[in-house]
Amino acid sequence: MMRSNPPTLSPDLFDMRPRDIDLGPGVRFLRGFALPDGQALLASLALVTLAAPFRHMVIRGGRRMSVAMTNCGSLGWVADESGYRYDPTDPRTGNPWPEMPDVFCNVAIRAANAADFDGFAPDVCLINRYEAGARMSLHQDRNERDFDQPIVSVSLGLPAVFLWGGSSRTDRPRRILLEHGDVVVWGGPARKTYHGVHRLSAGDHPLTGRFRYNLTFRMAG
Ligand code: SIN
Ligand code: FE2
């Protein structure tokens, strides 16, 4: 059943919804790029998470992340008391991460190409699940080996406010609304930009209910 009420958005959020947003050199905002594949991506995501369920990782210092995570691909991003790393196996089970579904890989490569990054062959898809109140503080993606390769980030389900900062953690971030199907690709001069996600507002999305999912594709190995 399709529910017709969109999630409630405060008026200032509407100002962040122009079709094209110029976030500077090396970054491309692709509004609605993954929309045609939304249902297929979510169906594959459900299968991946049967084999590798979402979990709240606990980072150094003992803090439990508010975003629940899992991975697919030949490597997965893992946080624990010893730090962050890419690991070929799920530490929960000792099994390899589930294979990256073709629909995941295809969307990621097409988005990278659309943003003028050739030769992108992701070996990791980190899957983030946000519910109301979950957030991701400003960080750089910097555990990958080759910074010439971009990051491809696909948003599904409830909208979220993406925080797009600068090369220093203290640069004041821009606030960009990411909706179901939006894709952001960043690389080159933007590869180490600080970014994060504002605390998710409660909502009910016709395809994902109370959740927002984010697929982050990387070439890590
Ligand atoms: C991340 O930076 O890993 C997540 C970004 C997002 O959820 O949009
Ligand atoms: Fe990130």
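Counting begins at 1 with the first residue of the sequence. These figures come from a predicted structure and were not determined experimentally. All ligand and atom numbering here is 1-based and tracks the order in the structure.
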Please could you name the atoms of ligand 1 that [X] approaches to less than 4.0 Å, counting only its heavy atoms?
{"X": "H195", "result": "2 (O)"}
{"X": "V197", "result": "5 (C), 6 (C), 7 (O), 8 (O)"}
{"X": "N128", "result": "3 (O), 4 (C)"}
{"X": "T216", "result": "3 (O)"}

In the protein, what heavy atom is nearest to [atom], and what distance, to one decimal place, separates them?
{"atom": "atom 7 (O) of ligand 1", "value": "Y130 OH, 2.6 Å"}
{"atom": "atom 8 (O) of ligand 1", "value": "R212 NH2, 2.8 Å"}
{"atom": "atom 1 (C) of ligand 1", "value": "M136 SD, 3.6 Å"}
{"atom": "atom 5 (C) of ligand 1", "value": "N214 OD1, 3.7 Å"}

Side chain, backbone, both or neither: which applies to R218 and ligand 1 if a contact is any heavy-atom pair less than 4.0 Å apart?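 R218 to ligand 1: side-chain contact only, backbone stays beyond 4.0 Å.
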
Where the side chain of H198 meets the backbone of F162, is there a donor-acceptor pair that is under 3.5 Å apart?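 Not a single qualifying donor-acceptor pair exists.
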
Does ligand 1 have an atom that lies less than 4.0 angstrom from a heavy atom of M69?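 Flag not set, M69 not near ligand 1.
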
[X] [atom1]: over 12 foreign heavy atoms closer than 6.0 Å:
{"X": "R145", "atom1": "CZ", "result": "no"}
{"X": "F147", "atom1": "CZ", "result": "yes"}
{"X": "Q140", "atom1": "CD", "result": "yes"}

Within 45° of the six-membered ring axis of F54 and under 6.0 Å from that ring's centre, is NZ or CZ of R129 located there?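 Cation-pi check for R129 and F54: passes.
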
Cluster check W97, Y213: I/L/V/M/F/W/Y, side chain < 4.5 angstrom: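 Cluster IDs for W97 and Y213 differ.
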
Could you tell me the separation between the SG atom of C125 and the CG atom of L45, rounded to the nearest 0.5 Å?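 Answer for the SG-CG pair, C125 versus L45, is 8.0 Å.
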
For N/O/S atoms only: which one belongs to D141 and is nearest the Fe ion (ligand 2)?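 Restricting D141 to its N, O and S atoms, the minimum distance to the Fe ion (ligand 2) goes to OD1.
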
Ion pair present between D148 and R191, side-chain N to carboxylate O less than 4.0 angstrom?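 Not counted as a salt bridge, because no side-chain N and carboxylate O are separated by less than 4.0 Å.
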
